Amino acid sequence: MPSLTLPECPHFIPPPATKEELEFADLAIIDLSKARTPQGRQELYPQLRDALRTQGFVYAINHGYTQAQRDRIFDIADVPFTLVPPDEMKTYTGNAEEDGYYCGYKGRQSWKVDKENRIFDQIEQYGMHRNVTKLPHPLALRPFLPELDAFARHNHFNIFHPILRLIALSLELPEDALVEKHTFDGIAETAIRFMKYYRRSKEEEEKSKNVWLKGHTDFGSIAIVWSQPVGGLQIQAPDGGWKWVRHIDNALVINTGDMMEFLTGGYYKPTIHRVVQPPEDQRDHERLGAFYFAFPDDNVRLLPCVESPVLQRVGIQRRCPDEYAPLCETWRKGRTTTYGRVDLKKGMERDVEEEVIEGIVVKHYN
């Protein structure tokens with residue numbers, strides 16, 4: 001009989017949630033446990049639809065992991081950054097600029113935050129394919145691969161796929177219409193990602209106006225963010241202002257990305273978001289994040305679901321003519337290889353920078 005004892009791991013202790021009075025976004029909360037039944041899905045999909053079409057972000061609770069299981073994931077998330085020697089980190093450093101996907105380490109100061117002032121990010125990142133045995137990992141992380149495999153499968157089958165079914169229902173499509181485009185065993189770069197944001201100098205904060213990761217949209221279908229106490233995530237409101245995302249214990253923060261906009265003909269547009277310096281009462285702490293970034297299979301062409309009765313009624317907003325719609329693999333590689341590396345051009349809108357990928361304008365909000 002296999003042992004039920006988990007491998008030892010240092011406990012990651014985050015600070016308390018901020019007590020500062022901040023302007024928080026008023027995000028809806030959905031009870032994901034209701035997605036297990038047909039009746040529950042009928043109740044949930046209008047809630048999810050309205051949340052994603054207004055704020056673009058939504059909280060999910062009762063997702064199937066206990067608080068203790070969630071805390072254990074954050075213990076493991078810190079391992080790549082605290083228990084792996086620097087020389088071994090170099091061995092497992094990825095090459096997203098050439099490969100077009102994030103696996104292994106991304107070191108600090110890889111992404112441009114402010115070109116004019118030569119400010120770069122202070123984010124260390126470790127990414128792993130959802131098939132956690134596809135690529136090798138540092139020695140310290142290997143004992144936790146069974147737990148990480150379970151974590152990847154939980155995100156994919158118990159969170160991501162239910163969300164896709166709710167979105168399909170909102171479009172009056174068969175429930176699995178989008179699930180079929182996002183398989184677990186197919187060729188795709190859906191992945192777990194751990195990110196650790198480190199403090200910056202006072203000079204860097206002043207020059208970058210406290211922005212740690214400039215305003216952007218995610219480029220996959222769905223991003224699942226495991227909520228953690230250190231503030232910094234902000235979403236752009238319709239009036240152009242920025243609102244903080246509040247931490248809720250053992251909740252998920254879910255948002256759509258570019259590829260969902262392609263697939264839904266603009267019905268679900270990605271919301272612009274950024275990361276800024278944490279509130280003052282949390283600035284002595286690093287910010288550790290755990291994410292599941294989901295993409296369609298590489299061979300999926302990013303065409304709108306024209307068979308949707310909803311899209312037929314409201315109209316389809318295409319980002320490009322159908323004959324030029326990119327494959328998922330092409331769009332993913334285009335966004336990944338250039339992000340934070342190329343020099344952006346000033347856009348027509350105030351504080352907007354632009355690049356062109358596959359003939360499509362991609363905006364960044366500085």
Side-chain angles (χ1 to χ4, degrees), residues 5-18 29 32 57 59-84 89 92 102-106 108 121-130 132 137-156 158-160 190-199 212-213 222-233 244-255 273 275 277-279 281-294:
T5 303
L6 297 175
E8 289 188 10
C9 184
H11 183 46
F12 176 77
I13 302 174
T18 182
I29 302 174
L32 205 54
F57 277 60
Y59 293 109
I61 59 172
N62 298 328
H63 45 72
Y65 260 33
T66 64
Q67 182 72 44
Q69 286 174 302
R70 176 262 178 217
D71 292 348
R72 172 73 175 179
I73 289 299
F74 274 80
D75 294 344
I76 297 171
D78 203 33
V79 167
F81 311 117
T82 55
L83 297 185
V84 179
M89 284 186 176
Y92 293 97
Y102 293 115
C103 274
Y105 285 100
K106 180 205 78 69
R108 300 191 225 178
D121 74 283
Q122 290 291 352
I123 304 167
E124 210 165 31
Q125 173 177 289
Y126 189 81
M128 54 196 315
H129 192 274
R130 66 193 179 286
V132 299
H137 301 284
L139 187 63
L141 203 57
R142 294 174 197 171
F144 308 105
L145 290 181
E147 291 173 85
L148 290 167
D149 175 65
F151 181 64
R153 292 176 184 276
H154 178 71
N155 276 277
H156 204 92
N158 300 332
I159 301 167
F160 176 47
T190 295
I192 298 168
R193 205 180 303 170
F194 300 136
M195 300 175 73
K196 197 166 189 178
Y197 295 72
Y198 293 87
R199 287 164 283 176
W212 284 15
L213 199 59
I222 295 287
I224 299 168
V225 183
W226 288 72
S227 187
Q228 54 80 38
V230 179
L233 177 60
W244 296 76
V245 175
R246 187 192 303 273
H247 168 63
I248 297 179
D249 285 340
N250 200 26
L252 309 172
V253 182
I254 294 173
N255 64 282
H273 54 286
V275 178
Q277 184 183 33
D281 58 358
Q282 295 181 321
R283 288 180 188 169
D284 290 335
H285 300 269
E286 277 76 40
R287 185 175 185 270
L288 180 66
F291 308 82
Y292 193 72
F293 288 105

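Just so it is clear, the structure is predicted and the values come from calculations on it, not from any experiment. All values below were derived from every heavy atom in this structure, side-chain atoms included, with hydrogens, water molecules and symmetry-related copies excluded.
Annotation for Glu8: atom CD does not count as buried by contact number, only 12 or fewer foreign heavy atoms lying within 6.0 Å.
Pro229 and Pro15 get closest at one heavy-atom pair: CB-O, 3.4 Å. The two residues Ser227 and Arg70 come nearest to each other via the heavy atoms O-NH2, 2.9 Å. Closest heavy-atom contact between Lys106 and Ile123: NZ-O, 2.8 Å. Annotation for Ile192 and Val132: closest pair CD1-CG1, 4.4 Å, computed over non-hydrogen atoms.
Taking CD of Gln125 as the reference point, atom CE of Met195 lies at 4.5 Å (rounded to 0.5 Å). Summarising the geometry, atom CH2 belonging to Trp226 is positioned 10.5 Å from atom CZ belonging to Phe194; distances are rounded to the nearest 0.5 Å. In this structure, Thr66 OG1 and Arg72 CZ are separated by 12.0 Å, a value rounded to the nearest 0.5 Å. Rounded to the nearest 0.5 angstrom, Gln228 CD and Ile248 CD1 are separated by 13.0 Å. Interatomic distance, Ile224 CD1 to Ile254 CD1, rounded to the nearest 0.5 Å: 5.5 Å. Between the CD atom in Glu124 and the CG atom in Leu288 there is a gap of 11.0 Å [rounded to 0.5 Å].
No side-chain donor-acceptor contact under 3.5 Å links Lys196 to the backbone of Tyr126. Within the 3.5 Å criterion, the main-chain N or O of His11 finds no donor-acceptor partner in the side chain of Asp75. Counting only distance, with no hydrogens or angles, the side chain of His137 and the backbone of Pro80 share no donor-acceptor pair below 3.5 Å. Put simply, the side chain of His154 gets close to the backbone of His63: a donor and an acceptor are under 3.5 Å apart. A distance-only check finds a donor-acceptor pair linking the side chain of Asn155 to the backbone of Phe151 [under 3.5 Å]. Checking side-chain atoms of Tyr197 against main-chain N and O of Gly289 turns up no donor-acceptor pair under 3.5 Å. No donor-acceptor pair closer than 3.5 Å links the side chain of Gln282 to the backbone N or O of Gly232. Checking side-chain atoms of Glu147 against main-chain N and O of Phe144 turns up no donor-acceptor pair under 3.5 Å.
Under the salt bridge (Lys or Arg N to Asp or Glu O under 4.0 Å) criterion, the residue pairs touching residues 281-290 are Arg199-Glu286, with sequence neighbours excluded.
The shortest distance between side-chain heavy atoms of Pro10 and Thr82 does not fall below 4.5 Å. By the 4.5 Å heavy-atom criterion applied to side chains, Thr190 and Phe293 are not counted as neighbours. Residues Ile73 and Gln69 have side chains not in contact (no heavy-atom distance under 4.5 Å, counting atoms from C-beta outward). By the 4.5 Å heavy-atom criterion applied to side chains, Leu141 and Ile76 are counted as neighbours. Annotation: side chain of Phe81 is in contact with side chain of Tyr198 (closest heavy-atom distance under 4.5 Å).
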Inset, instruction - Please lay out, stage by stage, how Tyr59 and Val245 fare under the test side-chain contact (heavy atoms from CB on, under 4.5 Å). - result: CA-CA 10 Å; Tyr59 293 109; Val245 175; 3.7 Å; yes
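Under the side chain to side chain contact (heavy atoms under 4.5 Å, CB included) test applied with Leu233, the options Phe57, Trp244, Trp212 reduce to a single match, Phe57.
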